[in-house]
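What you see is a predicted model, and the numbers here were worked out from it, not measured in a lab. Because only heavy atoms are used, hydrogens play no part in the values below, and waters and symmetry mates are left out as well, while side chains stay in. One-based numbering, in listed order, for ligands and for the atoms of each.
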Amino acid sequence: MATTRSSGKIAFVVVRDGTGYLQVVLSKKEVPDAVWETFGALTQEASIAVTGSVRADARSPGGVELQGTALELIGPSTDFPITPKEHGIAYLFEHRHLWLRSKQQVAIARVRNEVIQAIRDFFYERRFTLVDTPILTGSIGEHAGTLFATEYFDLGKAYLAQTGQLYVEAAAAALGKVYCFGPTFRAEKSKTRRHLTEFWMVEPEVAWNDSDANMQLQEEFVSYVVGRCLERRKADLMELGRDLTPLARVTPPFHRISYTDAVEKLKTLGADIEWGRDLGGDDETLLAKQYDRPVFVFNYPKAVKAFYMKENPADPRTVLNNDCLAPEGYGEIIGGSQREDDYERLRARIQAEGLPEEAYSWYLDLRKYGTFVHAGFGLGVERTVAWICGVPHIREAIAFPRTLYRLWP
Ligand code: 4AD
Ligand code: MG
């Protein structure tokens with residue numbers, strides 16, 4: 001039960017069952033005294049059973065209301081900690097298990113559900129095969145500095161997966177178009193509004209796609225996911241006060257700018273950036289604000305990107321990769337690349353990064369036994385949900401966020 005109010009003769013109770021909200025109307029002179037008394041004792045978030053007859057009412061949410069005849073208190077609720085008054089954000093996260101019941105959090109949960117269903121439908125419709133990749137791994141996927149490690153019997157250290165990518169590359173050789181979708185982990189000591197230590201990532205990998213085809217798949221994919229939310233979750237987006245106009249513009253083609261041009265552009269916009277440095281969160285925000293829909297920044301310097309990205313034959317200082325930046329200040333939602341498919345070059349990169357070659361011998365095998373051009377990307381679910389919902393911080397985009405300072409509830 002969400003709220004109550006009463007005029008003394010007519011009482012209103014708004015109930016919530018997960019499908020929506022329903023207003024129950026009780027009339028003092030038409031219900032037994034006991035029912036009226038039960039109503040009087042109701043408190044915020046008590047659970048109740050109501051009986052009555054449904055009638056159309058255009059003013060009610062959902063278009064119907066229930067004329068109540070009986071009311072039973074099932075689970076009382078005394079001093080519910082989250083009241084309609086404003087609470088600080090730290091307090092709300094301490095009470096996340098209860099805060100989830102509030103209207104806006106319910107709306108975010110529904111949008112997230114739609115995003116995830118749309119992701120699965122997109123790849124299913126396009127005949128990708130889902131391949132689940134391990135969470136406990138023996139090799140580093142992205143950066144050595146951000147690993148959660150645990151002892152693994154007699155085999156030394158196991159790491160929580162930062163990515164499933166290396167494994168879907170193996171699966172792409174078997175199945176052509178594949179994807180993995182699961183939780184990933186980064187021991188990042190970042191306190192930004194874009195970082196979680198545990199987040200969900202979907203990672204497609206496609207045999208014979210080059211970097212251009214990879215970007216084309218990304219723009220079709222992101223447009224599909226946003227389109228589904230507009231089509232099916234409009235009421236939830238309205239509940240969140242989301243301006244739908246910028247979302248409606250999310251259609252292919254997205255803008256494209258090379259890293260080198262982006263650095264020049266950022267300089268003219270007053271950013272403190274030099275060629276060779278990775279774009280920071282502020283740079284991404286500033287750049288993306290110049291565009292009316294997402295933008296791809298492609299071909300970054302090799303030195304700031306992961307070891308597996310393919311060297312750009314036209315400019316070996318750079319790699320054939322791209323980030324996709326969401327508009328309205330949300331920044332990177334996708335990182336993707338064509339993969340280094342040359343055995344010797346990949347081995348040299350692994351050595352240059354100081355990674356243990358034995359741990360990557362199976363990954364190198366993929367270049368030894370019938371190598372092929374392939375590309376893929378990873379989209380972060382929470383960043384995408386935060387952007388679509390228009391909530392400023394990604395910790396609201398997952399039910400129980402894990403961050404540097406939060407492991408509870
Ligand atoms: O750019 P990233 O690190 O790319 C990869 O992991 C590749 N292996 C993907 C691939 O090519 N298969 O991460 C991809 C996306 C980011 O764009 C971002 O949306 C999200 O994952 N992400 C995070 N989301 C929340 N918290 C974090 N700490 C994140 N780190 C990355
Ligand atoms: Mg990235």
**Item:** Where ligand 1 meets Ile394 - atom numbers and elements under 4.0 angstrom, heavy-atom basis
**Value:** 25 (C)
**Polar side-chain atom of Arg186 near backbone of Gln162 as donor-acceptor pair, under 3.5 Å** = yes
**Request:** Would you mind listing which atoms of ligand 1 come within a distance below 4.0 Å of any non-hydrogen atom of Thr163?
**Result:** 6 (O), 8 (N)
**Prompt:** Looking at atom 16 (C) of ligand 1, what's its closest protein heavy atom, distance included?
**Reply:** Glu332 OE2, 3.2 Å
**Fill in**
Among N, O or S atoms, Glu332 approaches the Mg ion (ligand 2) most closely through OE2
**Request:** Look up atom CZ in Phe377 and atom CE in Met201, then write down how far apart they are to the nearest 0.5 Å.
**Result:** 11.5 Å
**Item:** Electrostatic pair Glu219:Arg293 at N-O distance under 4.0 angstrom
**Value:** no
**Message:** For atom 15 (C) of ligand 1, what's the nearest protein heavy-atom neighbour? Residue, atom name and distance, please.
**Reply:** Gly378 O, 3.6 Å
**Prompt:** What do you reckon, does Asp323 put a non-hydrogen atom under 4.0 Å from ligand 1?
**Reply:** no
**Prompt:** Got an N/O contact under 3.5 Å between Ile334 and ligand 1?
**Reply:** yes
**Closest to atom 11 (O) of ligand 1 (judged by heavy-atom distance), picking from Glu205, Glu142, Arg186, Arg339** = Arg339
**Item:** Partner of Phe128 by side-chain contact (heavy atoms from CB on, under 4.5 Å), out of Val178, Leu175, Val206
**Value:** Val206
**Request:** Verify the distance criterion only: is there a donor paired with an acceptor across the side chains of Arg339 and Ser337 at less than 3.5 Å?
**Result:** yes
**Message:** If you measure every N or O of Ile333 against every N or O of ligand 1, does any of those distances drop under 3.5 Å?
**Reply:** yes
**Complete:** Logged contact type for Phe199 with ligand 1, heavy-atom cut-off 4.0 Å, is side chain
**Message:** Within ligand 1, which atoms have a heavy atom of Tyr308 less than 4.0 Å away?
**Reply:** 7 (C), 8 (N)
**Prompt:** So, for Phe221 and Phe123, is the gap between ring centers shorter than 6.0 Å?
**Reply:** yes
**Item:** Shortest protein contact, atom 26 (N) of ligand 1 (heavy atom only)
**Value:** Leu196 N, 3.0 Å
**Tyr179 and ligand 1 - part of the residue with a heavy-atom distance under 4.0 Å** = neither
**Fill in**
One finds that the ligand 1 atoms under 4.0 Å from a non-hydrogen atom of Arg194 are 25 (C), 26 (N)
**Message:** For ligand 1 and Glu203, I'd like to know whether there is a polar contact (N/O to N/O, distance under 3.5 Å).
**Reply:** yes
**Prompt:** Would Glu220 and Arg126 pass as an ion pair if we require N to O under 4.0 Å?
**Reply:** yes
**Asked** Looking at the rings of Phe307 and Tyr360, which for Trp means the six-membered one, are their centres under 6.0 Å apart?
**Response** yes
**Prompt:** What about the rings of Phe93 and Trp99, do their centers lie closer together than 6.0 Å?
**Reply:** yes
**Asked** N/O of Gly336 under 3.5 Å from N/O of ligand 1, yes or no?
**Response** no
**Asked** Looking only at N/O atoms, are Gln165 and ligand 1 under 3.5 Å apart anywhere?
**Response** yes
**Prompt:** Just distances here: any N/O of Gly380 and N/O of ligand 1 closer than 3.5 Å?
**Reply:** yes
**Request:** Starting from atom 28 (N) of ligand 1, find the nearest protein heavy-atom neighbour and note its residue, name and distance.
**Result:** Glu188 OE1, 2.7 Å
**Request:** Flag Gln162 as yes when one of its N or O atoms lies below 3.5 Å from any N or O atom of ligand 1, and as no otherwise.
**Result:** no
**Prompt:** Can you tell me how far the CG atom of Leu366 sits from the OH atom of Tyr343, to the nearest 0.5 Å?
**Reply:** 11.0 Å
**Asked** In a check of side chain to side chain donor-acceptor pair (under 3.5 Å) between Glu340 and each of Arg367, Lys310, Arg347, which one passes?
**Response** Lys310
**Item:** Side chains of Glu169 and His374, donor plus acceptor under 3.5 Å
**Value:** yes
**Request:** Using a strict cut-off of 4.0 Å, indicate which atoms of ligand 1 neighbour a heavy atom of Phe377.
**Result:** 9 (C), 10 (C), 11 (O), 12 (N)
**Item:** Under 4.0 Å to a heavy atom of Met201 - the qualifying atoms of ligand 1, by number
**Value:** 6 (O), 13 (O), 14 (C), 15 (C), 21 (O)
**Item:** Gap between atom CH2 of Trp200 and atom CD of Glu382 - 0.5 Å precision
**Value:** 9.0 Å
